[in-house]
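Counting convention: from 1, in listed order, for ligands and their atoms alike.
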Amino acid sequence: MTKSDSRMTVAQALVRFLAAQRVRRDNQEQAFFAGVFGIFGHGNVAGIGEALAHRPAPLPFYLPRNEQAMVHTAAAFAKASNRLRTLACTSSIGPGATNMVTGAAAATINRLPVLLLPGDIFATRLPDPVLQQLEFPSSRDASVNDCFKPVSRYWDRINRAEQLPSALMEAMRVLTSPADTGAVTLALPQDVQAEAAEFPPALFEPRVWTIARNRPDRAALAAAAEMIRAAARPIIVAGGGVLYSEAPATLGAFAQATGIPVGETQAGKGALPFDSPQSVGAIGVTGTTAANRLAREADLVLVVGSRLSDFTTASKTAFAAANVRFVAINVAELDAHKHAALPLIGDARVTLEELGAALGSWSVAPKYASEIATLKAGWEREVDEIYAPAGGAVMSQGEVIGIVNDFSAPDAVVVCAAGSLPGDLHKLWRTRTPGGYHLEYGYSCMGYEIAGGLGIRMAQPNRDVYVMVGDGSYLMMAQEIATAVQEKVKLTVLVLDNQGFASIGGLSKAVGCDGFGTRYQRRSDSGELDGVPVGVDFTANAASMGAHAVLAVSRSEIEAALRDAWSRDGVSVIVVPVDRDKSVGGRESWWDVPVAETSPLPEVRRARAAYEKARRSERHHL
Ligand SMILES: Cc1ncc(C[n+]2csc(CCOP(=O)(O)OP(=O)(O)O)c2C)c(N)n1
Ligand SMILES: [Mg+2]
C-alpha cells in the first residue's frame, strides 16, 4: 500500500476495515461481517454512503424498510450463525438513528453481536442546529445517539479520524467476546465521516479474531462434580449458551451418561432433540408439566449458558426445595454467579466435557430415572392431545402449531418473539435440530418476527423458515416482507389473527381488568373501544408487498397452504384466524406481575388476594 492509498475518508477506512475482519473458532474461519444494511439520510449518505458505493467486493449492501427492523435482521443473522458472523447497520442522524435503539436493546439483552453506525451531528458544530438535531440545553456534547449508551456493550463517538483505529479494535473485541457481546455503537458525525486522513496500513490487513473456549477453574470443577455426585434429584437448565457454544451434542452425551433431565429455556430450546430420553422440554413460566415438577423438587440445578430470567425461574418460585443448590456454567461472570451458584466460568462445550469426565460413570438412581421417563411420556401425550384435530369453526393456536410442526422438515426453523405464541411454542414445538427454534424472548420485541426470519434465512439459506406472528406483532412491523421480496429470500409467514392481544388480554383478565384495551375493536357510541372489529385484511396487505398470500381457516386449508408455500420461491403469507379464548395455558408455574393493591373493581381485589398468596413462594437463592 502506498502513502496515497492510505489517505481516505473516515467512512472509507471504516468500510475497508469491516471487509478485512475474520473470526475463527475451532477449525472454522470466516468473514465476520456478511454485509451492511443501511438507510440513508443526510447524516450518512455522503460519508458511509459514498464509501459503500465503491466498497470492497466481499461486503454486500442491503436496503431494508425500517432501521429497527434492520437491527433485528442483523441480530437474527448473528443468532442463526451462533454469533460467529453478523451484519453492520448504518443509519442517518436523528430518527433513523433512534429507530435503531430498540433493536440495540434487543440485541444486547439477547447477547447478540450487531454493529450499529448511526450518523451524528457535526463535530465542528459550525452549522448547528442541523436538521434533526436535539439541542440539549446544558451540554453541546450530547446528541440523540447518547440514547444508545445503556443498550450498547461498547459505545463511542468518532470526533476525529485519529480515534477510528482504536475504536474499531475495541468494537471487534466486544463483538467477538462470548461474555461481553451485544450491540456496539459507533456514532459517526456526518462531517467526520467525509473527512480524509492517513490511516495506518495495518488497520486494513486481514485480521482473524479467535473465539476462545475458556476452561473453568480446576478446583471449582472438582467441587461441582462433588455436588452433582451428592445430589439425588439433579436437573439441567439449558440456555442459549449451549447453542452459541455449539455444545448440543456434548450436552446430549452428558445427559445420556448421567441420566440428568434437561429443561430448556426459550433461548436454549433445541439443545436436545425433543424426543431424546433426557429432554423434559421447556422450563419455567412457559414450561412443561414434566420440567416444572422436576424443577420444583430438584436438589441440584446445573445451569448451562442461561441468564436465569424470571421466565426461567418462574419469578424465583421454580426451584422450591429447601436445600436446592446451583452450579452454573457460563462464559460471563455476571451469569455464573446468579442464585449463589458455584460458578464454572467457561465455555459450555469444554466445561461439559470436563465435568462429564470428572463424573466418570456416575448416574442418577434408577428410581429417579423412571420418574423422569414417566413424566416425559405424560407430557408427550399432552402435546399429542393439543395437536389433535379438535373441530370447531375457528382453530386453536395449539392445533395450528401442531399442523406447522408436523408439516415442517426436521431442520426447519420456527421464529417468533412476542404475544401468546412464545409460551405455546415453548411448550409445544417439537424441535428436532439445534437452531430449529428461534425465539427472541430476551426483549420479546413485537416486530422482530419477520425481520428476524429474513436474517435467519440469509444466514441459513438451506433451512425452511417459518415465521409465526400474531396479528398485533404483524401490524407493528410487517414491512420487511418487501425487503425479503427484494432479496428473493424465501419465507413462510403464518399470521395468527385473534383480533388483538390474546396474551396481554389474558394477563389483563388475570389481574382483574377483563382484557381492557387489548381488542382491535372500533370506537362505539359508548365512547369505548367496544364496537365492531377493526378487521384488517392481512392477505391484501401482504400481497401488496409482493408476497403470495392466502387465508386458511381449516386444518386442510392450512395444510394445503403450507404445501403450496413450500413449493414456491419468495414470501408466502398464510393468514389463520385463531380462537383467542382456546389458550394452551400455563403448567404448574407462576409469573410475578403485581396486581393493584387497591381498586374499586372487585375482580382486581380478588386477584390481589391470590397474588399476595402466590408471592409468598418467591424466594432468594443466597
Ligand atoms: C414492542 C412491544 N410493545 C409491547 C409489547 C407488550 N406486548 C406483549 S405481547 C403483546 C400483544 C401481542 O399481540 P399479538 O401479536 O396479536 O399476539 P397475541 O397476544 O394475540 O398472541 C403486547 C402488546 C411488546 N412485547 N413489544
Ligand atoms: Mg393477536
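Residue contacts with ligand 1: Ala502 is placed with a nitrogen or oxygen under 3.5 Å of a nitrogen or oxygen of the ligand (distance criterion only). Ligand 1 has no N or O atom lying under 3.5 Å from any N or O atom of Gln397, backbone or side chain. Residue-to-ligand polar distances place Gly500 within reach of ligand 1: an N/O pair is separated by less than 3.5 Å. For the pair Gly472 and ligand 1, the shortest N or O to N or O distance falls below 3.5 Å. In terms of polar-atom proximity, defined here as any N/O pair under 3.5 Å, Asn498 does make such a contact with ligand 1.
A distance-only check finds no donor-acceptor pair linking the side chain of Asp411 to the backbone of Thr433 [under 3.5 Å].
If you look at Met476 next to ligand 1, the close heavy atoms, those under 4.0 Å, all belong to the side chain. With a heavy-atom cut-off of 4.0 Å, Asp471 touches ligand 1 through backbone and side chain alike.
Looking at residues two or more places apart in sequence or on another chain, you find a side-chain hydrogen bond (donor to acceptor under 3.5 Å, both in side chains) between Glu603 and Arg606. Listed by chain and residue number, nothing satisfies the side-chain hydrogen bond (donor to acceptor under 3.5 Å, both in side chains) test with Ser92 (two or more places apart in sequence, or in another chain). Residues that satisfy the side-chain hydrogen bond (donor to acceptor under 3.5 Å, both in side chains) test with Tyr520, not counting sequence neighbours, are absent from this structure.
Protein heavy atom in closest approach to atom 13 (O) of ligand 1: Phe501 CD2, 3.3 Å. At the top of the distance list for atom 6 (C) of ligand 1, counting protein heavy atoms only, stands Met446 SD, 4.3 Å. For atom 17 (O) of ligand 1, the closest non-hydrogen atom of the protein is Gly419 CA, 3.7 Å. Ser420 OG, 2.5 Å is the protein heavy atom nearest to atom 21 (O) of ligand 1. Protein heavy atom in closest approach to atom 15 (O) of ligand 1: Ser473 N, 2.9 Å.
Comparing Ser503, Pro422, Gly447, Gly505 by heavy-atom distance to atom 9 (S) of ligand 1, the nearest is Ser503.
When all heavy atoms are compared, the tightest approach of Val285 to Ala314 is CG2-CA, 3.7 Å.
Protein nitrogen, oxygen and sulfur atoms, that is N, O or S, within less than 2.8 Å of the Mg ion (ligand 2) amount to 3.
The 12-atom threshold is exceeded at NZ of Lys490, counting heavy atoms of other residues, nucleotides or ligands nearer than 6.0 Å.
Distances shorter than 4.0 angstrom occur between a heavy atom of Ser444 and an atom of ligand 1.
Looking only at atom types and distance, the side chain of Asp592 has a donor-acceptor partner in the side chain of Tyr611 under 3.5 Å away. Defined by atom type and a distance below 3.5 Å, a donor-acceptor pair is present between the side-chain atoms of Thr289 and Glu382.
With rounding to the nearest 0.5 Å, the separation of CD1 in Ile481 from CZ in Arg65 is 11.5 Å.
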